[in-house]
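Worksheet: the structure to be examined is printed underneath.
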Amino acid sequence: MLPISAQQMRIGYFSYDAVLKATPDYVSAQASIENLRKQYDSEIQFAEKDFNEKYENFIENINGMASAIREKRQSELQSILERNIAFKQESERLLAKAEEEALAPLRNKLDNAIKALGSENNFIVILNTDNNAVPYINPMIGEDVTDLLIDRIR
């Protein structure tokens, strides 16, 4: 195999997040996720309010309760608290899953655009510069392809 000269080596680089966020599909996916997030937040607030009301009622009446009733109410409060915590954790998991599913087609489209751009323009590699993963690219062999990718997937 022949060595590749610096002029033949072309490296593309871009910000994956910038390209993803520049598309109309991303905006609509995020709006859908935000709507779902609001629904979960509303339900969590409702459950917390319900728990707080029951807890305050318990505290107000604790002195006059028979021990069996006090223990029953304490157990009920503990059970409600545990269910609320479990629901909050599950809602976070479901939101993450919904976001992943909503963005999957867009990520697939972007991945295909990256491959096509690389192949058509003879890049040996196209790097994602997000999170300072690539702090330096020599401008003689590196080309910012962010705008090209944005145009491709719009």
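Throughout, numbering of the chain's residues begins at 1 and tracks the sequence.
- Residue pairs meeting the salt bridge (charged side-chain N to carboxylate O under 4.0 Å, His left out) criterion with at least one partner in residues 112-129, sequence neighbours excluded, are Glu120-Arg152.
- Residue Leu95 is grouped with residue Phe87 when hydrophobic side chains (ILVMFWY) are merged at heavy-atom distances under 4.5 angstrom, including chains of intermediate members.
- Between Arg154 and Pro24, the closest heavy-atom pair is CG-CD, 4.4 Å.
- In this structure, Leu149 belongs to a hydrophobic cluster whose other members, linked by side-chain heavy atoms under 4.5 Å apart, are Phe14, Tyr16, Val19, Leu20, Tyr26, Leu103, Leu106, Leu110, Ile114, Leu117, Phe123, Ile126, Val145, Leu148, Ile150, Ile153.
- Residues satisfying the side-chain contact (heavy atoms from CB on, under 4.5 Å) test with Glu34, not counting sequence neighbours, are Arg37, Lys38.
- Here the CD1-CD1 distance, from Ile44 to Ile85, works out to 11.5 Å after rounding to the nearest 0.5 Å.
- A heavy-atom distance below 4.5 Å is found between the side chains of Phe58 and Met65.
- In terms of modelled atom types and a separation under 3.5 Å, the side chain of Arg10 and the main chain of Glu143 share no donor-acceptor contact.
- Between the side chain of Asn108 and the backbone N or O of Ala104, no donor-acceptor pair lies under 3.5 Å.
- One distance of note links CD of Glu101 with CD1 of Ile33; it measures 8.5 Å at 0.5 Å rounding.
- Of the possible polar contacts, none joining the Asp130 side chain to the Ser15 backbone as a donor-acceptor pair under 3.5 Å is found.
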For side-chain contact (heavy atoms from CB on, under 4.5 Å), just list the numbers for Leu94 and Tyr40, CA-CA rounded to whole Å, side-chain angles, deciding distance to a tenth of an Å, and then say yes or no. CA-CA 10 Å; Leu94 291 171; Tyr40 282 123; 3.3 Å; yes
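- Here the side chains of Arg73 and Ile62 are not in contact, with every heavy-atom distance at 4.5 Å or above.
- Taking 4.5 Å as the limit, some side-chain heavy atom of Leu81 sits within range of a side-chain heavy atom of Phe51.
- Other residues, nucleotides and ligands place more than 12 heavy atoms under 6.0 Å from the CG atom of Asn52.
- Within a 6.0 Å radius of OH in Tyr55, no more than 12 heavy atoms belonging to other residues, nucleotides or ligands are found.
- For residues 52-63, the pairs satisfying salt bridge (charged side-chain N to carboxylate O under 4.0 Å, His left out) are Lys49-Glu53, Asp50-Lys54, with sequence neighbours left out.
- One finds the CG atom of Asp144 at 8.5 Å from the CD1 atom of Ile137 (value rounded to the nearest 0.5 Å).
- Heavy-atom minimum distance, Ile11 versus Ile124: CG1-CG1, 4.1 Å.
- Taking the side chain as every heavy atom from C-beta outward, Glu43 and Gln39 never approach each other to under 4.5 Å.
- Checked against salt bridge (charged side-chain N to carboxylate O under 4.0 Å, His left out), Glu90 has the following partners two or more places apart in sequence or in another chain: Arg93.
- Side-chain contact annotation: Thr23 with Asp25, donor-acceptor N/O pair under 3.5 Å absent.
- Here Glu76 pairs with Lys72 under the salt bridge (charged side-chain N to carboxylate O under 4.0 Å, His left out) rule; sequence neighbours left out.
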